[in-house]
Amino acid sequence: MEGQVIANAFQNAYWGFPIALYFWLVGASAGSFVISTLGWVFGVKKYKPLALFASNTAIVALLIVPVLLIIDAGKPYRFFHLFIFAHWSAPMVWGSFLIMTYPIAMGFYSFFVHKENQLWARRLGILAIVLALSTHWYTGVVMQLNPARLPNHTSVAPLLFLTGAYVSGIGLLILCLWLRNFLVTVTARVSPELMADMARLMLYGIVFDLFLLGNEFLQMTYGTGEERTILYEVLLGVFRWPYLYIEVVWGLLLPLIILVIPRIRRSLNGVLVAAFMTATGVYGMRIWWVMAAQYYQGHF
Amino acid sequence: MTDRLYGMGGVSSGKGKPGRKRYAMAIDLRRCTGCNACTAACKTHFDVPLGEWRIWVMETEVGKYPDTKRYVLPRLCNQCDDPPCIPVCPTQATFKHPDGFVLQRYNRCIGCRACMVACPYNARHLLPDHRRDKRNPRNVADKCDFCVVRVTRGLAPLCVTSCTGGALIFGDINDPESEVARTVRDNKVFTLRPELGTAPQVYYIGLNESVADPEFAFLNRSAQLRERYATFKRNSEVGGEMAGNIDESDMGFFGLVRQGLHNFGTFFAEAPKKFFRGLY
């Protein structure tokens with residue numbers, strides 16, 4: 001029906017860029033920690049030397065998170081209400097407990113890796129990897145369990161978040177290792193071959209991420225009118241830059257092209273460019289994922 | 001299932017507590033003139049800050065000249081029987097009263113805004129730090145509470161009292177003789193977004209399906225309204241703190257970067273103040 005809304009209330013977007021940054025940091029932390037555990041938990045020996053650095057990178061990324069969250073709350077000094085009035089049906093409570101325990105487990109894991117205690121490093125590594133995946137799973141669930149926010153209300157959400165975490169974490173870690181190489185002795189440096197191998201792991205994540213995105217695209221294409229409207233906004237409308245250009249083209253397609261060409265994949269420059277693109281591209285996903293539904297529904 | 005369909009159900013079945021009251025509101029849109037007396041009364045009484053609303057009137061023009069019709073749609077918290085805002089609240093600050101009100105405990109709320117993201121009706125807002133009376137709650141979520149304080153003292157909600165056309169009808173829907181029960185029983189009533197299964201307790205008579213559709217509201221904003229949205233979002237104090245407002249007219253790459261930086265700027269500029277305003 002033709003017509004126009006001529007007066008209405010103005011609604012704010014309730015979660016914005018800082019929450020998107022929080023999702024990105026938690027994801028990068030989880031992805032980085034996955035690489036850390038490859039050597040000590042899953043027995044891939046060539047990854048053992050970078051386990052400690054990867055774990056510490058994950059801890060640093062995660063330490064910023066509570067600061068962002070507490071600043072974002074209207075009443076920062078009431079953060080402990082999350083624990084004393086915990087409402088167990090709220091995903092945010094699950095996340096609060098996970099965010100508290102995950103860095104502690106990582107800290108102990110780092111300690112035992114530093115001491116080269118294989119047994120306890122493995123035990124703590126298993127615990128921490130479960131907590132790492134759960135922490136990032138919960139960020140997807142926080143968005144998923146809002147039936148009114150259509151593009152978010154899908155069971156693919158946690159998987160999309162986890163895959164994004166995996167690729168952005170590896171990308172960030174590759175960049176940090178490259179920077180670290182300038183600061184450490186020659187013997188302690190990580191070889192370009194190992195970085196290329198990490199890029200190969202990242203490539204698998206990129207392919208899976210594209211597969212999930214394709215599924216989501218299909219669902220929205222065949223979806224309700226609201227879903228198609230949002231699809232238009234993220235593809236060609238207001239969110240075209242975060243979604244189409246930053247996430248899909250910059251963050252996934254271009255790195256995919258770089259990493260499937262063997263000659264470029266084996267060169268350090270190619271790996272670094274792909275890592276940078278993927279790590280930053282995932283932030284585009286976080287932006288549109290957090291804000292698109294609120295933008296759309298904010299006009300109702 | 002039937003109560004999820006527009007115009008088919010009347011009161012949702014199997015809800016409410018036996019032996020308790022179940023407060024609900026019927027809005028007869030045939031009698032609403034769009035005078036905004038409800039909005040004014042509510043804003044004045046509750047000191048609702050600029051740019052936030054507990055009840056507001058959406059106004060829509062449908063059709064093409066000369067066959068046009070103007071619709072008004074008062075909107076407020078629907079006091080749902082299955083409110084999506086309650087399970088996501090991490091501190092149990094929001095709860096369903098046995099008599100049907102969905103209420104907010106200001107002293108528990110941490111201002112995380114999960115309830116606002118969950119609400120399909122945009123019926124919740126964050127109270128800013130600047131209130132006319134500093135004793136009023138600040139920096140926490142707020143919403144329409146059906147004037148629970150007045151109702152428990154035997155008075156009707158302010159919007160109902162102030163309605164010039166008598167369009168708002170309030171009462172205990174469990175009492176078959178109450179005006180609201182009779183109105184809902186004798187008329188074809190509609191609810192907003194019934195497909196979500198929230199079982200809203202605000203019933204509309206004469207609701208236009210298009211006007212009640214979020215997609216219609218999104219796609220058919222008038223040019224003037226779009227401009228006013230952009231101005232509002234650029235300048236909103238609360239929106240600045242939440243750092244998610246974007247201006248649709250400036251969403252190229254540089255626009256996105258500029259708006260991202262602006263949002264982060266306001267977010268971090270407000271951050272230190274948060275720790276010194278109204279401790280705890």
Side-chain angles (χ1 to χ4, degrees), chain A residues 1-19 21 69 71-79 81-82 85-87 89-93 96 142-143 145-149 225-226 229 237-242 245-246 287 290-291 293-300, chain B residues 51 53 56-64 75 84 87-92 108-114 116-120 122 126 139-140 196 210 214-215 217-222 225 229 232 236 238-239 242-246 248 251-253 256 260 263-264 267 271 274-275 279-280:
Chain A
M1 186 180 282
E2 282 186 58
Q4 57 179 355
V5 182
I6 51 180
N8 200 1
F10 300 133
Q11 313 293 348
N12 287 300
Y14 309 117
W15 289 344
F17 286 92
I19 295 294
L21 179 63
L69 285 182
I71 291 177
D72 191 62
K75 290 279 189 187
Y77 288 113
R78 288 187 185 175
F79 69 92
H81 284 201
L82 288 163
F85 298 124
H87 191 199
S89 64
M92 211 173 268
V93 168
S96 304
V142 159
M143 300 307 298
L145 298 185
N146 292 313
R149 311 281 166 177
E226 287 186 46
T229 306
V238 172
F239 287 93
R240 66 189 183 280
W241 266 99
Y245 300 135
I246 299 182
I287 289 177
V290 171
M291 289 160 65
Q294 296 180 66
Y295 175 77
Y296 165 78
Q297 208 207 317
H299 297 90
F300 177 50
Chain B
W53 321 80
W56 70 97
V57 181
M58 182 178 172
E59 208 166 326
T60 311
E61 217 166 58
V62 174
K64 202 170 182 182
R75 300 260 311 273
V88 299
C89 174
T91 58
Q92 303 180 57
R108 276 198 184 189
C109 179
I110 60 169
C112 71
R113 311 187 292 283
M116 303 180 198
V117 176
C119 178
N122 287 323
L126 190 75
N139 313 306
V140 290
L196 292 170
S210 294
E215 196 184 354
F218 179 74
L219 294 173
N220 297 290
R221 283 160 287 149
S222 64
L225 201 59
Y229 266 124
F232 166 74
S236 164
V238 181
M242 297 192 279
N245 279 343
I246 50 171
E248 63 182 321
M251 279 302 281
F253 177 70
L256 176 71
N263 274 295
F264 270 118
F267 177 74
K274 285 189 178 182
F275 291 93
L279 288 178
Y280 188 66

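Each chain gets a letter, A, B and so on, in the order the sequences are listed, and its residues count up from 1.
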statement: If one checks every heavy atom of A:Leu145 against chain B at 4.5 Å, the contacting part turns out to be backbone
- prompt: Looking at CD1 of A:Ile71 and CZ of A:Phe79, how far apart are the two atoms once the value is rounded to the nearest 0.5 Å?
  reply: 13.0 Å
- line: NZ of A:Lys75 to SG of B:Cys109, rounded to nearest 0.5 Å, is 9.0 Å
message: Quick check on the interface: out of A:Pro147, A:Gly225, A:Ser96, who has the most heavy-atom pairs with chain B under 4.5 Å?
response: A:Gly225
statement: Answer key: most heavy-atom pairs under 4.5 Å with chain A among B:Ser222, B:Gly111, B:Ala118 is B:Ser222
query: Going from CG on B:Asn122 to CD on A:Gln11, what distance comes out if it is rounded to the nearest 0.5 angstrom?
result: 4.0 Å
message: Once side chain to side chain contact (heavy atoms under 4.5 Å, CB included) is applied, do any residues pair with B:Val117, and if so which ones, sequence neighbours excluded?
response: A:Tyr14, A:Trp15, A:Asn146, A:Arg149, A:Gln294
- request: Examine whether an atom of B:Val88 lies under 4.5 Å from a heavy atom of chain A, and if so say whether it belongs to the side chain, the backbone or both; otherwise answer neither.
  value: both
- prompt: Between CG of B:Leu225 and CE of B:Met58, what distance do you get to the nearest 0.5 Å?
  reply: 9.0 Å
query: At a heavy-atom separation under 4.5 Å, does B:Phe264 approach chain A through its side chain, its backbone, both, or neither?
result: side chain
- line: Interface check, chain B: of A:Tyr245, A:Tyr295, A:Trp241, most non-hydrogen pairs under 4.5 Å belong to A:Trp241
message: For a side-chain contact (heavy atoms from CB on, under 4.5 Å) check, start with the C-alpha distance between B:Val140 and A:Arg78, then their side-chain angles and the critical distance, and finish with the verdict.
response: CA-CA 11 Å; B:Val140 290; A:Arg78 288 187 185 175; 3.8 Å; yes
- line: Turns out that what part of B:Thr91 lies under 4.5 Å from chain A's heavy atoms comes down to both
field: For chain A, the option from B:Glu248, B:Lys64, B:Glu215 that forms the most heavy-atom pairs under 4.5 Å
entry: B:Glu215
message: Between B:Val57, B:Leu256, B:Ile110, who has the most heavy-atom pairs with chain A when the cutoff is under 4.5 Å?
response: B:Ile110
field: A:Leu69 versus chain B, the contacting section by heavy-atom distance below 4.5 Å
entry: neither
message: Which one wins on heavy-atom pair count under 4.5 Å against chain A: B:Met242, B:Glu61, B:Met251, B:Arg113?
response: B:Arg113
message: Does the Lys NZ or Arg CZ of B:Arg75 fall within the cation-pi geometry relative to A:Phe300 - under 6.0 Å from the ring centre and within 45° of the axis?
response: yes
- request: Please name all residues satisfying ring pair (Phe, Tyr, Trp, His ring centres under 6.0 Å) with A:Phe10, sequence neighbours left out, ordered by chain then number.
  value: B:Tyr229, B:Phe232
- prompt: Which one, B:Gly51, B:Pro84, B:Cys89, leads in non-hydrogen pairs under 4.5 Å with chain A?
  reply: B:Cys89
